[in-house]
Amino acid sequence: MYSRLYVHVPFCREKCGYCAFASAPPRQDELAHYPALLLEELKSHPTPSSPLRSVYFGGGTPSLLLPQQIGYLRGEIGKNLGIAPDAEITLEANPGTVTASSLSAFKDAGINRLSLGIQSFNDHFLKKLGRIHTAAQAEQAFREARSAGFTAISIDLIHSLPGQQLEQWRNELHQALRLGPEHISIYGLTIEEHTPFAHLYPPGSPLLVEEDLSADMFELADQLLTEAGFEHYEIANYCRPGFASRHNCGYWTRDGYLGLGVAAHSFFRDGHGLRFSNADDLPSYRHALHAGHSPSTTRQYLTREEAMSEYLFLGLRLTSGISLAGFEEECGISLESAYRSSLTDLIRLGLLRQQGDRLVLTPRGMLLSNQVFSRFL
Ligand code: SF4
């Protein structure tokens with residue numbers, strides 16, 4: 001049914017201008033009471049048939065919870081659901097919310113992978129983005145995490161920031177490489193609806209980076225990171241060998257996962273797949289649990305066609321692509337029969353490539369991945 005657990009922490013000290021995630025500054029005792037709500041929800045779900053292979057505390061800003069709260073949650077998750085001895089246990093942390101001692105305490109609480117939301121090493125851009133930390137604080141947090149004993153550290157970087165030049169992005173990448181993380185996630189800034197950035201930068205805004213420059217930034221990242229020995233294993237993700245995010249790979253290969261908390265999504269391997277998601281605001285989530293109801297507000301059993309689309313647009317994100325035999329086994333139809341004309345077109349356009357049993361995006365296909373995926377919807 002599921003083998004992975006995602007825990008959403010919907011709090012941030014301040015809201016960043018570009019962010020559309022479910023998060024807000026916590027009020028009064030919300031932070032203190034949130035773990036109890038998570039446990040209440042956890043106990044309402046079936047237990048997995050084998051211990052969890054990964055646990056991911058995401059957000060929001062999970063590092064706003066105290067290490068003792070994370071340790072308590074980890075203990076209760078282990079007691080109630082079981083956690084495999086070699087499970088990957090990730091905590092997302094905002095560099096503006098951690099100290100040398102809290103990082104040490106998170107490590108002692110059982111976190112073995114840290115994902116630091118650095119986003120930029122340039123104070124001008126950090127300020128524009130509305131981040132609560134400076135570049136110096138981000139570097140300090142990284143070094144303190146290393147001293148605390150974290151051997152798997154991921155950092156996030158954003159390119160295509162308003163007014164950003166290619167050389168500035170090159171500097172960002174060099175600074176990231178100098179720090180020496182095991183994993184780097186690279187995103188191009190997207191302007192999401194209902195965010196302050198959507199008002200600041202309406203479509204066509206001259207301050208935004210041109211599409212060609214954005215593509216150059218993606219390609220520069222790919223060149224510098226692969227030259228430095230990183231594996232490009234997913235459209236937006238690079239790792240040192242052996243340090244791919246096991247939890248996130250589970251999403252792309254359609255492993256089942258349970259999502260706990262406000263706005264958390266779950267996927268169970270039931271039939272062609274069952275997706276459900278929780279109320280996306282804390283009062284509704286809390287109210288449902290206190291009334292003894294499920295906090296989920298959406299629930300959808302996938303049809304075979306939907307499962308087929310998902311298999312493709314999730315699996316093709318990985319540079320290893322998808323297995324043709326795997327597709328047929330899971331969906332009961334060969335890829336050729338299901339998508340003959342789309343496949344022929346996309347291969348002819350140089351966006352997809354078949355290598356034996358694998359179908360993969362070409363480098364150009366990665367740049368235009370949304371167009372590729374739209375052919376499988
Ligand atoms: S810290 Fe992350 S989740 Fe929080 S507002 Fe900023 S981008 Fe969004």
Participant: If you draw a 6.0 Å radius around CZ in Phe268, do more than 12 non-hydrogen atoms from other residues or ligands fall strictly inside?
Facilitator: yes

Participant: Start with the C-alpha gap between Tyr311 and Phe327, add the side-chain angles, then the distance that decides, and say whether ring pair (Phe, Tyr, Trp, His ring centres under 6.0 Å) holds.
Facilitator: CA-CA 7 Å; Tyr311 191 97; Phe327 178 92; 5.5 Å; yes

Participant: For Arg240, is there an ion pair with Glu182 - N to carboxylate O distance below 4.0 angstrom?
Facilitator: no

Participant: Where is the tightest heavy-atom contact between Asn94 and Ser63, given as atom of each residue plus distance?
Facilitator: N-OG, 3.1 Å

Participant: Any idea how Tyr251 and His247 line up, ring-wise: parallel (<30°), tilted (30 to 60°), or perpendicular (>60°)?
Facilitator: perpendicular

Participant: Which residue is it: Asp345, Leu359, Thr344? I am looking for the one with a side-chain contact (heavy atoms from CB on, under 4.5 Å) to Leu352.
Facilitator: Leu359

Participant: Go through the steps to decide whether Ser104 and Ser101 satisfy the test side chain to side chain donor-acceptor pair (under 3.5 Å), and finish with yes or no.
Facilitator: CA-CA 5 Å; Ser104 234; Ser101 72; over 6 Å; no

Participant: What distance separates Ser160 OG from Trp169 CH2, expressed to the nearest 0.5 Å?
Facilitator: 8.0 Å

Participant: Output yes when a side-chain donor or acceptor of Arg358 lies under 3.5 Å from a complementary backbone atom of Gly321, and no otherwise.
Facilitator: yes

Participant: Answer yes when Arg113 and Glu92 have at least one side-chain N-carboxylate O distance shorter than 4.0 Å, and no when they do not.
Facilitator: no

Participant: What residue among Asp222, Thr226, Thr319, Asn237 forms side-chain hydrogen bond (donor to acceptor under 3.5 Å, both in side chains) with His232?
Facilitator: Asp222

Participant: Flag yes if more than 12 heavy atoms outside Glu305 fall under 6.0 Å of its CD atom; otherwise flag no.
Facilitator: yes

Participant: Find out whether the Lys NZ or Arg CZ of Arg254 is both under 6.0 angstrom from the six-membered ring centre of Phe267 and within 45° of the ring's axis.
Facilitator: no

Participant: With a cut-off of 6.0 Å (strictly less than), are more than 12 heavy atoms of other residues, nucleotides or ligands near CD of Gln355?
Facilitator: yes

Participant: Would you call Arg269-Glu330 a salt bridge at under 4.0 Å N-O?
Facilitator: yes

Participant: Kindly give the heavy-atom pair with the smallest separation between Asn80 and Thr47, and that separation in Å.
Facilitator: O-CG2, 3.1 Å

Participant: What's the shortest heavy-atom distance between Gly259 and Ser266, and which atoms?
Facilitator: N-OG, 2.8 Å

Participant: Could you tell me whether the side chain of Ile155 reaches within less than 4.5 Å of the side chain of His183, counting heavy atoms only?
Facilitator: no

Participant: Is it the case that atom NE2 in His124 sees more than 12 heavy atoms from other parts of the structure closer than 6.0 Å?
Facilitator: yes

Participant: What pair of heavy atoms forms the shortest contact from Met217 to Gln164, and how long is it?
Facilitator: CE-O, 3.6 Å

Participant: Please state whether the rings of Tyr285 and Tyr34 are parallel, tilted or perpendicular, taking 30° and 60° as the class boundaries.
Facilitator: tilted

Participant: Evaluate the side-chain proximity of Leu177 to Leu225: yes if any heavy-atom separation is below 4.5 Å, no if none is.
Facilitator: yes

Participant: For Ala198 versus His194, what's the shortest heavy-atom pair and its separation?
Facilitator: CB-N, 4.1 Å

Participant: Using side-chain contact (heavy atoms from CB on, under 4.5 Å) as the criterion, point out the one residue from Leu258, Ile89, Ile83 that pairs with Leu5.
Facilitator: Leu258

Participant: Is the NE2 atom of His290 crowded by more than 12 outside heavy atoms at less than 6.0 Å?
Facilitator: yes

Participant: Using the ring pair (Phe, Tyr, Trp, His ring centres under 6.0 Å) rule, take Phe376 and Phe313 through it: C-alpha gap first, then chi angles, then the decisive distance, then the call.
Facilitator: CA-CA 7 Å; Phe376 298 119; Phe313 66 71; 9.1 Å; no

Participant: Could you tell me whether Glu227 atom CD has more than 12 heavy atoms of other residues or ligands within 6.0 Å of it?
Facilitator: yes

Participant: May I ask you to test the Arg146-Ile153 pair for a side-chain heavy-atom distance under 4.5 Å?
Facilitator: yes

Participant: Ignoring hydrogens and geometry, is there a side-chain-to-backbone donor-acceptor pair from Thr303 to Glu306 under 3.5 Å?
Facilitator: yes

Participant: With a 4.5 Å cut-off on side-chain heavy atoms, are Thr253 and Leu318 touching?
Facilitator: yes

Participant: Measure from the side-chain N and O atoms of Glu76 to the backbone N and O of Leu73, and report whether any donor-acceptor pair falls under 3.5 Å.
Facilitator: no

Participant: Counting neighbours of CZ on Arg27 that are heavy atoms of other residues, nucleotides or ligands and sit closer than 6.0 Å, is the number greater than 12?
Facilitator: no

Participant: What is the minimum heavy-atom distance between Gln137 and Ile132, and which atoms define it?
Facilitator: OE1-O, 4.1 Å

Participant: Short question: side chain of Glu210, backbone of Asp212 - any donor-acceptor pair under 3.5 Å?
Facilitator: no

Participant: Could you walk me through whether Phe125 and His159 pass the ring pair (Phe, Tyr, Trp, His ring centres under 6.0 Å) check?
Facilitator: CA-CA 10 Å; Phe125 288 126; His159 66 74; over 10 Å; no

Participant: With the side chain counted from C-beta on, respond yes when Leu351 and Leu361 share a heavy-atom pair under 4.5 Å apart, and no when they do not.
Facilitator: no

Participant: Begin with the C-alpha distance, continue with both residues' side-chain angles, and end with the deciding distance and a verdict on side chain to side chain contact (heavy atoms under 4.5 Å, CB included) for Ser245 and Ser154.
Facilitator: CA-CA 9 Å; Ser245 162; Ser154 177; over 6 Å; no

Participant: Are the side chains of Leu289 and Glu41 in touch, meaning some heavy atoms are under 4.5 Å apart?
Facilitator: yes

Participant: Closer than 4.0 angstrom, basic N to acidic O: yes or no for Arg275 and Glu310?
Facilitator: yes

